[in-house]
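Inspection log for the structure reproduced underneath, given as structure tokens.
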Amino acid sequence: MRNSVCHSATIYVNAIMHAGTTVDTFLRENLDWLSRATNWAKFSATAGLGVIHRGHLQQGRSLMAPYLPQGGAGSGGSPYSEGGALYALGLIHANHGEGIKQFLRESLHNTNVEVIQHGACLGLGLAAIGTADDDIFDEIKIVLYTDSAVAGEAAGISMGVLMVGTASEKATEMLAYAHETQHEKIIRGLALGIAHLLSTEERKKQIL
């Protein structure tokens, strides 16, 4: 457990230290060490590339290509790497998502694997941050309503990021589902999402 925690911490720190620089030398020179990552550590390691390459829109898709779902989501690769890669695309294209939103929407639509849905939701929310796109909101809401703890948590966060600062009435919809679900992860995700959505409305937050 101790080694696993240190492994994950090193991945996070490296990504933050090199955010937006495209300097991924440490990862490339330590591929054997990196390959020891499993499950969510593998998700984070792949997503970390998105932090390192944040803002480099032209190369983002080709950079993440080896990790993305091939021939339909969830077809042979690790779902943790594939989900992390979709999240990474959102991190790379955050607030500049016109060129990647459709791909993320298709990736979300084409999978029933909750880990891949988790990454696709987070990535799509970031790529479409603050756009208040009703169609995307409804697509993410479909994932929320599957009541999968893993996918639903990300869906709740993503819905808030998509609607950040809008103080939309959709907050009521999100709150209602938070009362319906039995999954603490989904409740937590929706709470974070609602906080983003109402980030400019102190009075409405208090009422909710």
Side-chain angles (χ1 to χ4, degrees), residues 47 50 54-55 57-58 60-61 64-65 68-75 79 82-181 183 185-201 204-205 208:
R54 178 178 54 83
L57 311 183
Q58 300 303 318
R61 179 85 175 266
M64 300 312 302
L68 290 168
Q70 304 294 324
S75 58
E82 293 177 356
L86 293 170
Y87 184 20
L89 284 179
L91 288 162
I92 291 170
H93 291 266
N95 204 31
H96 300 281
E98 282 306 315
I100 205 66
K101 282 191 297 186
Q102 188 56 38
F103 175 76
L104 290 169
R105 291 171 76 172
E106 291 170 1
S107 297
L108 183 60
H109 177 75
N110 290 335
T111 186
N112 292 316
V113 180
E114 61 180 7
V115 176
I116 300 176
Q117 290 176 327
H118 184 96
C121 282
L122 293 176
L124 184 54
L126 286 168
I129 186 171
T131 61
D133 187 306
D134 285 335
D135 290 336
I136 293 178
F137 185 91
D138 288 341
E139 289 171 18
I140 297 171
K141 186 168 66 175
I142 291 171
V143 176
L144 177 70
Y145 285 174
T146 64
D147 208 43
S148 157
V150 170
E153 179 182 28
I157 295 170
S158 181
M159 290 160 77
V161 171
L162 177 70
M163 307 295 293
V164 64
T166 62
S168 165
E169 292 301 320
K170 294 183 187 298
T172 305
E173 208 175 324
M174 295 165 69
L175 183 62
Y177 194 74
H179 285 295
E180 289 178 22
T181 184
H183 295 295
K185 284 187 174 183
I186 295 179
I187 295 169
R188 182 166 59 242
L190 285 166
L192 287 169
I194 292 168
H196 279 83
L197 190 153
L198 297 175
S199 58
T200 60
E201 295 286 342
K204 285 190 178 181
K205 278 189 282 189
L208 276 174

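The model shown is predicted, which means the values in this text are computed figures rather than measured ones. One is the number of the first residue; the rest follow in order along the sequence.
Smallest separation of non-hydrogen atoms from A128 and L162: O-CD1, 3.3 Å. Nearest heavy-atom pair, I116 versus P69, reported as atom, atom and distance to 0.1 Å: CG2-CG, 4.5 Å. Closest approach of I140 to C121, counting heavy atoms only: CG2-SG, 4.2 Å. Of all heavy-atom pairs spanning I194 and A171, the tightest one is CD1-O, 4.0 Å. The two residues L144 and L190 come nearest to each other via the heavy atoms CD2-CD2, 4.0 Å. Scanning all heavy atoms of the two residues, the minimum distance from P79 to V113 falls at CB-CG1, 3.9 Å.
Applying the ring pair (Phe, Tyr, Trp, His ring centres under 6.0 Å) rule to pairs touching residues 117-155 yields W40-H118, F43-H118, Y145-Y177, sequence neighbours excluded. Among residues at least two apart or in separate chains, there is no side chain to side chain donor-acceptor pair (under 3.5 Å) pair with a member in residues 122-132. Residue pairs meeting the salt bridge (charged side-chain N to carboxylate O under 4.0 Å, His left out) criterion with at least one partner in residues 111-121, sequence neighbours excluded, do not occur; the list is empty. The salt bridge (charged side-chain N to carboxylate O under 4.0 Å, His left out) contacts involving residues 88-100 comprise E98-K101, where partners must be two or more places apart or lie in separate chains.
In this structure, the side-chain contact (heavy atoms from CB on, under 4.5 Å) partners of A132, at least two apart in sequence or on a different chain, are M163, T166. Here L68 pairs with R61, M64, Q70, A85, L86, L89, F103 under the side-chain contact (heavy atoms from CB on, under 4.5 Å) rule; sequence neighbours left out. Considering only residues two or more places apart in sequence or on other chains, H109 meets the side-chain contact (heavy atoms from CB on, under 4.5 Å) condition with none of them. Here D134 pairs with K170 under the salt bridge (Lys or Arg N to Asp or Glu O under 4.0 Å) rule; sequence neighbours left out. Applying the salt bridge (Lys or Arg N to Asp or Glu O under 4.0 Å) rule to E106 yields no partners; only residues at least two apart in sequence or on another chain are considered. Listed by chain and number, the residues in a side-chain contact (heavy atoms from CB on, under 4.5 Å) with A149 are H183, K185 (sequence neighbours excluded). Partners of E139 under the salt bridge (Lys or Arg N to Asp or Glu O under 4.0 Å) rule, at least two apart in sequence or in another chain, are R105. Taking the salt bridge (Lys or Arg N to Asp or Glu O under 4.0 Å) definition, one finds that K141 meets it with D138, E173, sequence neighbours left out.
Taking CE from M174 and CG from L198, the interatomic distance works out to 8.5 Å, rounded to the nearest 0.5 Å. For the atom pair CG (L124) and CD (Q117), the distance works out to 12.5 Å, reported to the nearest 0.5 Å. For the atom pair CD1 (I100) and CG (L126), the distance works out to 12.5 Å, reported to the nearest 0.5 Å. Once rounded to the nearest 0.5 Å, the distance linking CD1 of I186 with CD of E153 reads 8.5 Å. Between the CD1 atom of I187 and the CG atom of L192 there is a distance of 12.5 Å, given to the nearest 0.5 Å.
Other residues, nucleotides and ligands place more than 12 heavy atoms under 6.0 Å from the CG atom of D147.
Looking at T181, its side chain never comes within 3.5 Å of a backbone N or O of A178 through a donor-acceptor pair. Remark: the backbone N or O of H196 is paired with a side-chain donor or acceptor of S199 at under 3.5 angstrom.
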*asked:* Apply side-chain contact (heavy atoms from CB on, under 4.5 Å) to residues L197 and V164 and explain how you reach the verdict.
replied: CA-CA 4 Å; L197 190 153; V164 64; over 6 Å; no
